[in-house]
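What follows is a short report on a single structure.
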Amino acid sequence: MNQASLPRACAEVLRRDLTLAWRRRGDIAMPVLYALIVATLFPFALGPEDALLQRIAGGVVLVTVLLAMLLALDAMFRSDIEDGSLEQLVLAPQPLALMLAMKILAHWLTTALPLIVVAPLLAGMLHLPLAVMGVLLLALLMATPMLSLLGAVLVALTAGTRRSGMLLALMLLPLCVPVVIFAAGAVAAAQQGLPWVAPIAWLGAALALALVLAPLACAAALRIALDA
Amino acid sequence: MTPTDAIPLLQARGLSFLRADEPVFGPLDFALHAGELALVEGDNGSGKTTLLRLLAGLLHVGEGELRWRGRGWNRDERAGDVLFLGHQLGLKMDMSPRENLRIAAGLHGTRSGRTAASVLIQVGLAGYEDEPVRRLSAGQKKRAALARLLLLPAVLWLLDEPYANLDRAGIALVNQLLEEHIAGGGAALVTSHGAVSFHGGEPKRIRMHG
Amino acid sequence: MSKWIPLWLHKLGSPPIFYRFAGTLRPWFLGLALVAGAVALYGGLALAPADYQQGDAYRIIFIHVPSAWMGLFIYGVMAVASFVALVWRIKLAEAVAMESAPIGAAFTFITLVTGSLWGKPMWGTWWTWDARLTSELVLLFLYLGVIGLYHAFEDRRQGARAAAFLAIIGIINVPIVHFSVNWWNTLHQGSTVRILGPSKISASMLWPLLTMMVATKLYYVASLFGRVRADLLELESGKDWVRRIATENSVPGEQA
């Protein structure tokens with residue numbers, strides 16, 4: 001009998017989710033397209049005035065990325081619940097929190113990373129100064145994993161319900177308020193020439209905490225949501 | 001024959017599960033030893049699936065007591081010893097049977113001497129190893145899920161309607177898998193409406209109170 | 001000592017006993033809440049002097065501030081009950097947590113409305129992104145999330161457990177939101193308007209405020225008891241004690 005090793009189990013779960021995402025690459029493009037559309041609408045609504053767009057660019061890109069991620073969040077466990085592979089994952093003799101962490105990582109890689117890649121384009125369309133671009137990307141690199149982690153816990157909680165899209169947004173909003181405040185605060189501070197390290201550091205601290213706690217909470221939430 | 005004084009693999013005393021305070025089944029009393037097969041019998045809605053999901057560890061014990069190898073009922077004691085096959089087969093439709101088995105093996109490990117290729121031939125999926133599961137027929141999907149039973153190491157199998165969607169050859173295959181598993185010292189709990197022709201001795205029967 | 005307290009609590013945790021206990025106490029709590037509320041309103045609206053800066057407009061604090069306290073207090077109660085419900089699977093704790101949520105949401109909503117009404121004479125606008133009002137708004141969303149999740153499940157007890165988990169995540173989130181919103185406020189506004197300095201309040205204003213606080217607490221308990229009683233009847237509808245109550249309360253002619 002060959003025992004399953006933990007690293008191999010982690011690698012298999014990660015590989016599985018990435019392979020599945022790759023076989024449905026069209027779905028990866030959707031959030032990116034959505035973000036592009038939303039960012040394009042702002043100049044139409046507010047007028048193409050450079051100074052105004054420049055002022056709101058950082059915040060708009062952040063909120064757009066957040067909304068695009070929210071769009072894809074619902075799908076994190078959906079197909080796994082429908083075909084029963086989530087049950088198999090829960091019953092596997094491996095630490096569930098770690099397996100879920102791999103799923104969250106795969107989700108971040110397939111939804112948030114493409115959004116971060118197009119973020120400079122969105123910011124450029126809204127005339128964000130080039131000097132601030134680095135801070136924006138740093139803020140996104142801190143904020144998007146937070147959203148994936150927090151979102152995963154909430155998606156796990158709604159795993160036993162039928163429709164959860166709007167409910168998910170309602171539950172996620174209070175949790176992502178601090179993330180948005182600090183991420184946008186860092187960009188705004190950098191734009192005004194003020195020190196921006198403090199909010200980024202706060203985000204980093206919160207991310208470190210969430211990296212440890214969110215998978216555990218996600219596993220606990222999933223066991224509650226499946227138990228009926 | 002197994003000695004009756006040996007510690008049973010699985011023992012239930014007054015086991016029941018409540019949903020909205022209404023008992024879904026039970027109270028049930030039964031014991032399952034290594035080398036035994038038990039058929040769970042009951043009408044539709046009598047709680048057969050719920051019982052299997054509870055034994056798999058997806059649901060909490062409502063009332064009564066469960067013991068695993070004479071010890072307490074907790075997840076770590078059972079880890080890797082139990083395999084559950086439910087209505088939902090747990091197969092990824094966009095992946096081939098071989099890839100699906102590979103993931104399962106990554107999570108559970110494998111029995112010695114078994115490979116994904118060998119068990120797929122055993123369940124009659126030779127030639128379909130690399131076809132996406134979505135293109136297989138319902139019976140072939142079932143066989144791909146059954147292949148998991150052969151590949152992964154486990155003592156107790158919990159099979160919910162394993163005969164559904166299978167042709168006569170498929171039913172014979174399930175019976176053969178069960179006979180080999182029982183002969184090898186494993187145990188299984190099987191739910192089924194249909195009559196089961198099992199040649200490895202008279203199976204135990206667990207009757208759900210309707 | 002240590003022996004009879006858990007037994008007493010354990011007995012109270014059983015639905016039929018709590019049903020009777022809450023039924024007896026509820027009118028008292030409700031009556032006391034009404035009396036205390038009336039006294040506090042009289043003290044606040046008639047006896048307390050007008051503020052030399054704000055005139056009579058400040059009197060809304062006798063509603064606004066106790067509601068704001070209750071919004072947070074009830075969230076705390078809900079989180080503690082949620083924790084108890086998740087760890088020990090006590091049905092009464094689930095009912096207390098889930099029935100607290102709408103009451104807490106109502107108090108938070110009152111806080112927001114009165115804050116907005118107060119904002120008009122104070123700041124000349126119905127809504128301002130003041131740190132405290134914003135925190136209250138986020139608190140309202142936290143409540144709505146818990147209520148929404150509870151009702152999204154078909155199985156009520158499972159919904160209660162999931163929502164209880166969310167309530168616990170929320171209570172961790174509350175101080176983080178408060179801290180971040182304060183930081184955000186100083187970043188964007190420079191300074192916040194402080195209306196209620198800790199030392200400025202006079203005794204003639206303080207006692208109606210504290211009385212109102214007591215009144216809202218009493219009202220909360222009375223309202224909670226009523227809601228939990230109804231909830232228990234529904235959750236335990238198949239049990240003997242509920243049947244007995246149903247037959248006792250039914251009109252004799254009705255069944256014939």
Side-chain angles (χ1 to χ4, degrees), chain A residues 59 146 149-151 153-189 191-192 194-196 198-199 202-203 205-206 209-210 213-214 216-228, chain C residues 75 82-83 85-87 89 94 101 105 108 129 131 134-190:
Chain A
M146 279 294 284
L149 288 162
L150 294 174
V153 179
L154 301 183
V155 175
L157 272 181
T158 59
T161 65
R162 301 236 174 285
R163 283 275 131 236
S164 55
M166 197 54 223
L167 181 63
L168 207 56
L170 178 65
M171 296 192 321
L172 188 62
L173 177 97
L175 296 184
C176 68
V177 163
V179 180
V180 171
I181 285 178
F182 284 120
V187 178
Q191 221 165 339
Q192 291 164 17
L194 298 169
W196 47 266
W202 279 114
L203 272 181
L209 206 62
L213 294 181
L216 293 170
C218 190
L222 204 56
R223 290 199 198 277
I224 291 174
L226 290 181
D227 187 353
Chain C
Y75 203 96
S82 295
F83 183 79
L86 280 182
V87 175
R89 284 184 176 270
E94 286 170 17
T108 310
W129 291 94
T134 314
S135 297
E136 287 290 330
L137 185 64
V138 174
L139 187 66
L140 181 64
F141 280 123
L142 278 171
Y143 272 122
L144 293 181
V146 171
I147 296 169
L149 187 61
Y150 175 48
H151 290 289
F153 283 83
E154 274 168 38
D155 186 296
R156 303 215 12 212
R157 294 201 64 188
Q158 194 197 4
R161 290 173 60 73
F165 196 85
L166 184 64
I168 292 170
I169 297 175
I171 199 90
I172 302 168
N173 192 40
V174 165
I176 300 176
V177 167
H178 186 74
F179 167 69
S180 65
V181 167
N182 269 332
W183 181 81
W184 163 78
N185 219 246
T186 51
L187 185 75
H188 290 276
Q189 276 189 344

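Naming: A, B, ... by sequence-line order, numbering from 1 per chain.
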So which heavy atom on [X] is nearest to which on [Y], and how close?
X: A:Ala217; Y: C:Phe165; value: O-CZ, 3.4 Å
X: C:Val177; Y: A:Pro174; value: CG2-O, 3.7 Å
X: C:Asn173; Y: A:Pro178; value: OD1-CG, 4.1 Å

Is any side-chain heavy atom of A:Pro199 closer than 4.5 Å to a side-chain heavy atom of C:Trp183?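 They are in contact (side-chain heavy atoms under 4.5 Å apart), so the answer is yes.
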Flag the pair C:Leu86 / A:Ile224 as yes when at least one side-chain heavy-atom distance between them is below 4.5 Å, and no otherwise. yes
[atom1]-[atom2] distance between [X] and [Y], expressed to the nearest 0.5 angstrom:
X: A:Thr161; Y: C:Asp155; atom1: OG1; atom2: CG; answer: 13.0 Å
X: A:Leu173; Y: C:Leu144; atom1: CG; atom2: CG; answer: 10.5 Å
X: A:Leu157; Y: C:Phe153; atom1: CG; atom2: CZ; answer: 7.0 Å
X: A:Asp227; Y: C:Arg157; atom1: CG; atom2: CZ; answer: 11.0 Å
X: C:Gln158; Y: A:Leu226; atom1: CD; atom2: CG; answer: 8.0 Å
X: A:Leu154; Y: C:Leu166; atom1: CG; atom2: CG; answer: 6.5 Å

Is it the side chain or the backbone of A:Leu175 that comes within 4.5 Å of chain C heavy atoms, both, or neither?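 Contact with chain C is through both the backbone and side chain of A:Leu175.
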Side chain, backbone, both or neither: which part of A:Ala156 has a non-hydrogen atom closer than 4.5 Å to chain C? neither
Between C:Leu142, C:Ile176, C:Leu137, C:Leu149, who has the most heavy-atom pairs with chain A when the cutoff is under 4.5 Å? C:Leu149
Tell me which of these, C:Ser180, C:Gly159, C:Gly170, has more heavy-atom pairs under 4.5 Å with chain A than the rest. C:Ser180
Which bit of C:Val174 is near chain A, if near means a heavy-atom gap under 4.5 Å: side chain, backbone, both or neither?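 Contact with chain A: none, neither part.
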